[in-house]
Amino acid sequence: MTHPMGAETDSPLWQLPATTLARRFADGSLQPSMVLEAILARTDTIDAALNVMALRDDEGARAMAGASDRRWAEGRPLSELDGVPIAIKDNIPVAGLPCAWGSKLFLDFVPERDELAVDRLRRQGLVLLGKTTVSEFTLGRGNVDTPAFGTTRNPWNPALTTGASTGGGAAAVASGVAPFGLGTDGGGSIRWPASYCGLVGFKPSTGRIPRRFGLPAVLNDLEVLSPISRTVDDAAALLQALSEPDVHDRASMAFRHTALVEEPARPLRILHVSQFGNYPVEPEITASVNLAADQLRAMGHRVEAGTAPFDFGLFDRHWRTITMTGVAAIMDGRENWENEVGAIYPSMVADGRAFSSRDYLAALNAYRSVFEQLTDFFEDFDLLLTPVAGAMPRPANEIAPPYQRVFTGFANVTGIPAVSLPGPRSHAGIPIGFQLIAPFGGEGRLLTIARAYEHAHPWAGLWPSLNAS
């Protein structure tokens, strides 16, 4: 079912983008409580089939929406996004709500305070819908399928996975359960689900959205807070709402005098890399990303084919050191955890414990080298274009092949920004994303080209057939 851009006034309330809702709250044509009730009814209809919500907080959301109604009526909104509903990934603490990290081990953990970003959303009047499902410890292998919460499914085909680890957030946004969501990306965890669900997944530079009062940082500084949305405008609005530096996060202080400002549109020089190392890429993905490259050329950009502009082998060799030691750290000091977690984790913990401090230091030094190589690359090119994933979505309970993950983690270990955008879909109509990567601090450049691509090749208003009701 499609709704052309510009026909938003004819769409159900649960289909409206976040920024459209904000405009209509401001002009008085909608009230936040009206929108919330439509979204909660939508959730009642959809969630049994998709399993996107780890926890609903309908009572809390209604109280927030009612307070927003009153503020708008009195002409004193807390922000431009006051009253807009948002879903929060279940590894981001929200005061008073369980934060299970996708695991039975943390079902009883209830944080006493919000993570900094959630506190900012609350202070700006957004309506917190609850927590979305997540791969266990955000370190699953390509799906959201946990002993604690079950299997999350793709709205475009419920037999398939959403991707990991922000799978619940992606499925929620794609199916109308939330206008947009706040997730995390530690190696592709926003971009993979965005690619598989036809959304915008924006991974900012390390420090662009400051972090404080979160869960333990088991991935060093690889994991960043990230918006997932239906439109580029919505992603930009959430980035703006959260990007003020905080003195307690030293990485954020790199942006102390660097506001999030979009660049003037201009022709860009883009390197298109279709394969990393010897990892295969499935043909439908290659065809889709090649077509996206042609579309960018038609928009006036200079797109050149080439190979990875950094030592991919160096990146790949050390990737498991960081991720596996992170899993092992979660289990340190815990007893009898093996039967409480997913089947993949005991071997991952064993692998992590086998690495030494020397191995970990070697990984950190390797990633400094990769950052230097990419910095040199961006002296000559404006952007890097790649697939988001090497594999199409698998059945929802199936682990992804190793080549699914190769295109995303390098942006995390170097701290540079990247965005997944919906490209041409598969023959069966399943979304396929492509990725654009910019130099450190280049969020404005990504937003500019992403918005231009969205306007030239609109995807907003496209909904899975599941949503035709």
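All values derive from a computational prediction rather than experimental measurement.
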Is it true that a side-chain atom of Glu115 and a backbone atom of Arg211 form a donor plus acceptor pair closer than 3.5 Å? no
Is a donor on one side and an acceptor on the other found under 3.5 Å between the side chain of Glu284 and the backbone of Met392? no
A side-chain contact here means heavy atoms from C-beta on lying under 4.5 Å apart; do Phe25 and Val84 qualify? yes
Contacts of type side-chain contact (heavy atoms from CB on, under 4.5 Å), residue Ala389, not counting sequence neighbours: Trp192, Tyr196, Gln404
Within a reach of under 6.0 Å around CD of Gln124, are more than 12 heavy atoms found that belong to other residues, nucleotides or ligands? yes
What's the spacing between Gln15 CD and Ser175 OG if we round to 0.5 Å? 10.5 Å
Let me know which of Thr138, Thr132, Thr166, Thr184 forms a side chain to side chain donor-acceptor pair (under 3.5 Å) with Asn91. Thr184
Taking Arg191 for the side chain and Thr408 for the main chain, is one N or O donor matched with an acceptor at less than 3.5 Å? yes
Salt bridge (Lys or Arg N to Asp or Glu O under 4.0 Å) test vs Asp382 passes for just one of Arg302, Arg266, Arg269, namely Arg266
Looking only at heavy atoms, the pair that brings Glu443 and Ser205 closest together is OE2-N, 2.6 Å
Using only heavy-atom distances, determine whether the side chains of Asn143 and Asn397 contain a donor-acceptor pair under 3.5 Å. no
Look at the side chain of Arg208 and the backbone N and O of Lys203, then say whether any donor-acceptor pair between them is shorter than 3.5 Å. no
Worked verdict on Asn290 versus His272 for side-chain contact (heavy atoms from CB on, under 4.5 Å): CA-CA 9 Å; Asn290 285 346; His272 174 202; 3.1 Å; yes
Would you say Ile330 and Phe106 make side-chain contact, with heavy atoms under 4.5 Å? yes
State, to 0.1 Å, how close Ile285 and Pro387 come at their nearest heavy-atom pair, and which atoms those are. CG2-CB, 3.8 Å
Side-chain heavy atoms of Ile39 within contact of Leu13, under 4.5 Å: no
Among side-chain atoms of Thr161 and Arg394, is any donor-acceptor pair under 3.5 angstrom? no
Could you tell me if the ring centre of Phe255 sits under 6.0 Å from that of Phe440? yes
Checking the side chain of Ser68 only, and the main-chain atoms of Gly83 only, is there a donor and an acceptor separated by less than 3.5 Å? yes
Does Val289 reach the side chain of Thr386, with side-chain heavy atoms less than 4.5 Å apart? no
Between Arg23 and Thr20, is there a side-chain donor-acceptor contact under 3.5 Å, judged purely by atom types and distance? yes
Minimum heavy-atom distance Ala87-Leu129, with the two atoms named: N-CD1, 4.3 Å
Under-4.0 Å salt bridge between Asp44 and Arg56: yes
Just wondering, more than 12 heavy atoms not from Glu112 lying within 6.0 Å of its CD? no
Using only atom types and a distance under 3.5 Å, with no angle test, would you say the side chain of Lys131 pairs donor to acceptor with the backbone of Ile92? yes
Tell me yes or no: between the side chains of Thr152 and Thr162, is some donor less than 3.5 Å from an acceptor? no
Pairwise side-chain contact, Ile322 with Tyr367, heavy-atom cut-off 4.5 Å (strictly under): yes
Would you find more than 12 non-hydrogen atoms of other residues, nucleotides or ligands less than 6.0 Å from Asp27 atom CG? yes
Do Thr231 and Asp233 pair up side chain to side chain, a donor and an acceptor below 3.5 Å, judged on atom types alone? no
Working note: Val200 + Asp234, criterion side-chain contact (heavy atoms from CB on, under 4.5 Å); need CA distance, chi angles, decisive distance, verdict. CA-CA 9 Å; Val200 178; Asp234 287 1; over 6 Å; no
State plainly whether the residues Glu37 and Arg62 are in salt-bridge range, i.e. N to O under 4.0 Å. yes
Specify the closest pair of heavy atoms between Pro424 and Tyr453, including all atoms of both residues, with the distance to one decimal. CD-OH, 4.1 Å
State whether the side chain of Glu136 and the backbone N or O of Gly342 hold a donor-acceptor pair below 3.5 Å, judged by distance alone. yes
To the nearest 0.5 Å, atom OG of Ser33 lies from atom CG of Asp69 at 3.5 Å
Please check this pair: side chain of Asn412 against backbone of Asp185, looking for a donor-acceptor N/O pair closer than 3.5 Å. yes
For residues Gly423 and Ser288, report the shortest heavy-atom separation together with the two atoms involved. C-OG, 4.1 Å
Check ion pair Arg334-Glu340 (N to O, under 4.0 angstrom): no
Tell me, do Phe378 and Ile416 make a side-chain contact under 4.5 Å, heavy atoms counted? yes
CD1/Ile209 to OG/Ser226 distance, rounded to the nearest 0.5 angstrom? 6.5 Å
Check ion pair Arg297-Asp294 (N to O, under 4.0 angstrom): yes
Using modelled atom types only, decide if a donor and an acceptor are shared between the side chain of Trp72 and the backbone of Asp82 within a distance under 3.5 Å. yes
Verdict with reasoning, Leu215 to Cys99, per side-chain contact (heavy atoms from CB on, under 4.5 Å): CA-CA 9 Å; Leu215 295 178; Cys99 185; 4.2 Å; yes
With sequence neighbours excluded, tell me which residues meet side-chain contact (heavy atoms from CB on, under 4.5 Å) with Asp246. Leu116, Arg120, Pro210, Arg212, His248, Ser252
Please find the pair of heavy atoms, one from Ala171 and one from Cys197, that lie closest to each other, and give the distance. N-SG, 4.3 Å
Using a 4.5 Å cut-off on heavy atoms from C-beta on, say whether the side chain of Lys89 contacts that of Ser189. yes
Before you tell me yes or no, could you show the steps for Leu81 and Leu121 under side-chain contact (heavy atoms from CB on, under 4.5 Å), namely the whole-Å CA-CA distance, both residues' side-chain angles and the distance that decides it to 0.1 Å? CA-CA 9 Å; Leu81 295 176; Leu121 296 175; over 6 Å; no
Does any part of the side chain of Asp90, heavy atoms only, come nearer than 4.5 Å to the side chain of Phe149, both counted from C-beta? yes
Gap separating the OG1 atom of Thr146 from the CG atom of Asn51, nearest 0.5 angstrom: 8.0 Å
Answer yes or no: is there a donor N or O on one side and an acceptor on the other, between the side chain of Asp47 and the main chain of Thr43, under 3.5 Å? no
Please report the interatomic distance CZ(Phe434) to OG(Ser195), rounded to the nearest 0.5 Å. 10.5 Å
Could you give the distance from CG (Leu374) to CD (Glu379), rounded to the nearest 0.5 Å? 12.0 Å
